[in-house]
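Just so we're on the same page: letters track the sequence lines, and every chain starts at 1. Just the heavy atoms: all of them, side chains too, but no hydrogens, waters or symmetry mates, feed the values below.
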2 protein chains.
Amino acid sequence: MPEQPVRAKLVDVAERAGVSKATVSKVLNGRQDLSVRPETRRRVHEAAEELGYRPHSGARALAGASTHALALLVPALANPTYVTIARGAYQRARELGYLSLLAEDFDGQEADESFNDLVQDGRVDGLLIASARPGHPLLDALSRSRVPHVFLNRSVAGSGRNVTMDVARSSITALDHLHDLGHRAVGHIAGPPGITPSEVRKEAFLRHARELGLSAAPVASGDFTEDGGVSAALELLRPADGGTRPPVTALYTSSLAQAIGAMAAVRDLGLRIPEDVSVVGNDDLPVAGHLSPPLTTVAMPLYELGTAAVEALVAAIQGQPMGDVVVPTEPRLVLRGSTAGPGETP
Amino acid sequence: MPEQPVRAKLVDVAERAGVSKATVSKVLNGRQDLSVRPETRRRVHEAAEELGYRPHSGARALAGASTHALALLVPALANPTYVTIARGAYQRARELGYLSLLAEDFDGQEADESFNDLVQDGRVDGLLIASARPGHPLLDALSRSRVPHVFLNRSVAGSGRNVTMDVARSSITALDHLHDLGHRAVGHIAGPPGITPSEVRKEAFLRHARELGLSAAPVASGDFTEDGGVSAALELLRPADGGTRPPVTALYTSSLAQAIGAMAAVRDLGLRIPEDVSVVGNDDLPVAGHLSPPLTTVAMPLYELGTAAVEALVAAIQGQPMGDVVVPTEPRLVLRGSTAGPGETP
DNA sequence: AAGTTTCAGTCAACCGGTTTCCTCAGACGG
DNA sequence: CCGTCTGAGGAAACCGGTTGACTGAAACTT
């Protein structure tokens, strides 16, 4: 006898607990504008539990309350960085009673679509946006509507809704490591211009290179991809006129994918890692440990970035004033085989 | 004067078109059980267009109609394979008027949570499940509820709802390639037992190895991860008692990550790729081209898998009978530097 | 003892669509 | 000329919650 598992409705719970719909709703939502006896409260929770009651999200949304859902917009799912962020966001959202949805925003092309599908159709209460570039079409749509949102990883100047990590510190950590090993000429592979973490890393790199008195600190930009790493690395490693050895002994990249590309480029030039060129990447993900040689990285607190962003967004949804947030966890150096002193065997 | 962009409602459209809510609803949903003059139909569409009308998803869902949303459950977002599938699913869903959401299902742990959040709360009309293992808790929940769903990439025997690729063919393609190069002893790194594509690839590998008359065709299993590839590779490459050379001259792996791990293991043993050991992986994703050496792969039609699964699911939601589906696109060999004849320099 | 608070919850109107059953006008048939 | 049928569209119930206004009883004041 396959029981038809009819969804329990609010009225069913009410009936079972011997109270009215209104009471059940208020009790379950923990509203404090209602006074109930502890005994009644208990009965309600019990009834809901026994019936396996779950409110219908559509009905809730319709009744003017919230959908209890958020959406995280990322520029590229294939980038595992965002996967880690998404996990953090999902978990924290759950703990706060929200569902975090994930949407890929193919560089603006689909931003409007996603925005419409999610926000306009009333499926989510707020957005976590990791894909905002200056001039991104989404920014318009956002300012036009009044949807709560935060920017993460990218920051939008003056928005007062940026959730970021201490990206500058990651450059300092990486550079200190290379300097300690004896490197005096280090190249930086930056991300595309206009993207906050990319710019900040570059500035911090240049500033700290001056502070350390490096003899050379050239920078080349490339996409946050393997290919971007390849071309930037080739640019940085090209010997000066008449020279035969590359002008730097180490490379520090803004993303993990760039580091992978850079390593490939180094090898293509017939150079060895780390004997001829050391490489340090950003973002510590499993693949870093399986490269050849294993890649030294700066581990960024990606998971925490996700959780912090959700906390900020939920606070905003609940009407609290927003401000920029910086994740307190510091970047941490993960030492592997891709770095050694110049000319040294590891 | 910042205009408050009040969401246009059904009744607004009705008013503007000079008809009733009911008519608008029927016209916009393209119901054929209603007869309207072309002229009226035009006016309705025009009014909706001008007001930028978008139905409130919650209200629709509540009124008994569909939510026009699907969810894709994947076991590991970090695996870029699923990203490609997800893109295919998203695009096709959009074309069919649906929104495809993405949820990670950490190997069953969160399956119930996701299921509840998405299905029980009435947020989606159906599920695309790429994470079903035998005994997966989700399978229970599915059979208890009556939610339309399809399985993709994994198949559940006898469900009649499996959407798959020609996985057996991928083994044949890879093996033919290695055989053509002159390899007579090839090892296969399979995925975990119990997972369909893993089993099918293994069976096809063994069968075709017999057909080709290979002298050795050992198999080792490992997770679909880099680590899984490492340990399986070490197992396959261990020289026989008293021997000094590995017993195989080529490795064929069930996933891309395994191939990356296998390559690392080969190098750790002091062997060269492809001179000493050739490696072929499955699933052609950008990273494959940036490994050292670039990895020869069998490109599986992942995007098409996503689109086909959505088509099947939407058909099911609309009440059409379901059946297993195999994506017609054949696996395709992508030749790169990780394969050569045994002992040959590429 | 009568009036005023406070407590503990209830009533009923909404939210924005969908759907079923009607109605009304004109065409058609006899 | 009257009844019926058909095409075109409308009225209202309903989906399952939420919410602010309201009520009845008990407790507290003066």
For this session: Measure the spacing between CG of A:Leu128 and CG of A:Leu73 and express it to the nearest 0.5 Å.
Result: 9.0 Å
Between protein and nucleic acid, restricted to nucleotides 22-25 of chain C and to nitrogen or oxygen atoms under 3.5 Å apart, what atom pairs and distances do you find?
none

Exercise. Between D:dG20, C:dT20, D:dC15, which nucleotide has the shortest distance from any of its atoms to the side chain of B:Ala63?
Worked result: D:dC15
Exercise. Can you find an N or O donor on one side and an acceptor on the other, under 3.5 Å apart, linking the side chain of A:Lys21 with the base of D:dG17?
Worked result: yes
Exercise. Would a distance-only check, ignoring hydrogens and angles, find a side-chain to backbone donor-acceptor pair under 3.5 Å from A:Thr196 to A:Ser155?
Worked result: yes
Problem set entry | Distance in angstrom units between B:Glu15 CD and D:dG10 P, rounded | 13 Å
Seminar exercise, completed: Here the ring pair (Phe, Tyr, Trp, His ring centres under 6.0 Å) pairs for residues 41-77 of chain A, sequence neighbours left out, are A:His68-A:Tyr98
For this session: Estimate the overall bend of the helix from C:dA1-D:dT30 to C:dG30-D:dC1 from the end axes over five pairs each, rounded to 10 degrees.
Result: 60°
Seminar exercise, completed: Atom CG of B:Leu28 and atom P of C:dG16 are separated, to the nearest Å, by 17 Å
For this session: Give a yes/no answer on whether the side chain of B:Tyr53 brings an N or O atom under 4.0 Å of OP1 or OP2 in C:dG17.
Result: yes
Problem set entry | Any B:Ser20 side-chain nitrogen or oxygen under 4.0 Å from OP1 or OP2 of D:dG10 | yes
Problem set entry | Nearest-0.5 Å distance that lies between atom CE in A:Met300 and atom OG1 in A:Thr329 | 10.0 Å
Seminar exercise, completed: Among the nucleotides D:dT18, C:dG9, D:dG7, whichever has the atom closest to the side chain of A:Arg60 is D:dT18
Exercise. Is any side-chain N or O of A:Ser35 closer than 4.0 Å to OP1 or OP2 of C:dC7?
Worked result: no
Exercise. Whole Å only: how far is the CZ atom of A:Arg31 from the P atom of D:dT18?
Worked result: 9 Å
Exercise. Are B:Thr40 and D:dG9 close enough that a side-chain N or O sits under 4.0 Å from OP1 or OP2?
Worked result: yes
Problem set entry | Separation of atom CG in A:Asn29 from atom C1' in D:dT19, rounded to whole Å | 11 Å
Exercise. NA contact type, A:Asp33, heavy-atom cut-off 4.0 Å: base, sugar-phosphate, or nothing?
Worked result: nothing
Exercise. Closest to the A:Ala22 side chain: D:dG17, D:dA12, D:dG20?
Worked result: D:dG20
For this session: Calculate, to the nearest 0.5 Å, the distance between atoms CG and CZ belonging to A:Leu139 and A:Phe151 respectively.
Result: 5.0 Å
For this session: Go through the steps to decide whether A:Asn116 and A:Val119 satisfy the test side-chain contact (heavy atoms from CB on, under 4.5 Å), and finish with yes or no.
Result: CA-CA 5 Å; A:Asn116 286 337; A:Val119 176; over 6 Å; no
For this session: Output the single nucleotide from D:dT18, D:dG10, D:dC15 whose closest atom is nearest the side chain of B:Leu62.
Result: D:dC15
Exercise. Can A:Val163 and A:Asp324 be said to form a side-chain contact (heavy atoms from CB on, under 4.5 Å), step by step?
Worked result: CA-CA 6 Å; A:Val163 182; A:Asp324 287 354; over 6 Å; no
Seminar exercise, completed: Of D:dA21, D:dG17, C:dG17, the nucleotide closest to the side chain of B:Pro55 is C:dG17
Exercise. With respect to the phosphate group of C:dT10, does any side-chain polar atom (N or O) of A:Thr23 fall under 4.0 Å of OP1 or OP2?
Worked result: yes
Problem set entry | Working for side-chain contact (heavy atoms from CB on, under 4.5 Å), residues A:Val325 and A:Thr164 | CA-CA 6 Å; A:Val325 174; A:Thr164 54; over 6 Å; no
For this session: For the pair A:Arg60 and B:Asp121, find out whether any cationic side-chain nitrogen is under 4.0 Å from an anionic carboxylate oxygen.
Result: no
Exercise. A:His56 has an atom NE2; how far is it from atom P of C:dG17, in whole Å?
Worked result: 15 Å
Problem set entry | B:Arg37 side-chain N/O to D:dG9 phosphate OP1/OP2 under 4.0 Å | yes
